[in-house]
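Step one of this worksheet: look at the structure below.
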Amino acid sequence: MTKNQWNRREMLKKSGLLAVGAPFFKSTFERVGEVHPIAIPSDDHVVKPERPITAIVLGAGNRGNVYAGYSLKFPDGLKIVGVAEPIEIRRKRFSEKYQIPERYQWTTWEHALQIPKFADALIITTPDALHYGPAMGGLKLGYDLLLEKPIAQTWRECNNILQLTQKNKRIVAICHV
């Protein structure tokens, strides 16, 4: 079987042999175990915003809570001002935790985007197949986005998001926790 004809099973077998044989190729892998410290700038180098960035979380599940949690540690940098979540208990807990008024609590992301823009950004952590709609809707309203991966389901949808981002001069940050 040639390289071009390897199936998935053959690839797994070969990669398993590579993993077992790797320690014998010290010159190839001698830097693998090295540790390099991460330099964290002192507070003198951190630029603090004049006011916290305001954000609406679309999807208050695990990822929505992870990103929103930043606002609890750094309230001068981020304030959560709205939430869209179809599961009532999640929405209520999230709203209590971040002190979100009832008028800024919605069942779906569509409801959240029916009112004029009132925050700086959207944090989109809806299920993977539901990233395109809120991203396009948010960009049309002028929001910047923190968009959980995947960006969208197809190349065309990703390209549409890119085009609208450039046209509206918005920021779209893609996250992968």
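Computed from a predicted model, the values in this text were never measured in an experiment.
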If we only count heavy atoms from C-beta on, is the Ile80 to Ile123 side-chain gap below 4.5 Å? yes

Quick check: closest heavy atoms across Thr154 and Glu157, and the distance to 0.1 Å? OG1-N, 3.0 Å

Might you point out which heavy atoms bring Ala68 and Phe94 nearest each other, and give the distance in Å? CB-CZ, 3.6 Å

Could you note down all residue pairs passing salt bridge (charged side-chain N to carboxylate O under 4.0 Å, His left out) where residues 88-99 supplies at least one of them, sequence neighbours left out? Glu85-Arg90, Glu88-Lys92

Could you please spell out the steps behind the side-chain contact (heavy atoms from CB on, under 4.5 Å) verdict for Ile151 and Leu147? CA-CA 7 Å; Ile151 298 168; Leu147 178 58; 3.9 Å; yes

Is there a donor-acceptor pair under 3.5 Å between the side chain of Thr107 and the backbone N or O of Pro86? no

Listed by chain and number, what are the side chain to side chain donor-acceptor pair (under 3.5 Å) partners of Tyr98, not counting sequence neighbours? none

Are Ile124 and Leu146 packed together at the side-chain level, in the sense that at least one heavy-atom pair is separated by less than 4.5 angstrom? no

Check the pair Val57, Thr125 against side-chain contact (heavy atoms from CB on, under 4.5 Å), reporting the backbone distance first and the verdict last. CA-CA 7 Å; Val57 175; Thr125 57; 4.1 Å; yes

Are more than 12 heavy atoms, taken from residues, nucleotides or ligands other than Ile53, located less than 6.0 Å from that residue's CD1 atom? no

More than 12 heavy atoms from other groups under 6.0 Å of CD1 on Ile171: no

Nearest 0.5 angstrom please: Met136 CE to Ile161 CD1, how far? 6.5 Å

Decide, yes or no, whether a salt bridge links Lys169 with Asp144 under the criterion of side-chain N to carboxylate O below 4.0 Å. no

Ile56: which of Trp109, Tyr104, Phe118 passes side chain to side chain contact (heavy atoms under 4.5 Å, CB included): Phe118

Do you know which two heavy atoms are closest between Leu58 and Ala112, and how far apart they sit? CD2-CB, 3.9 Å

Qualifying residues under ring pair (Phe, Tyr, Trp, His ring centres under 6.0 Å), relative to Tyr132, sequence neighbours excluded: none

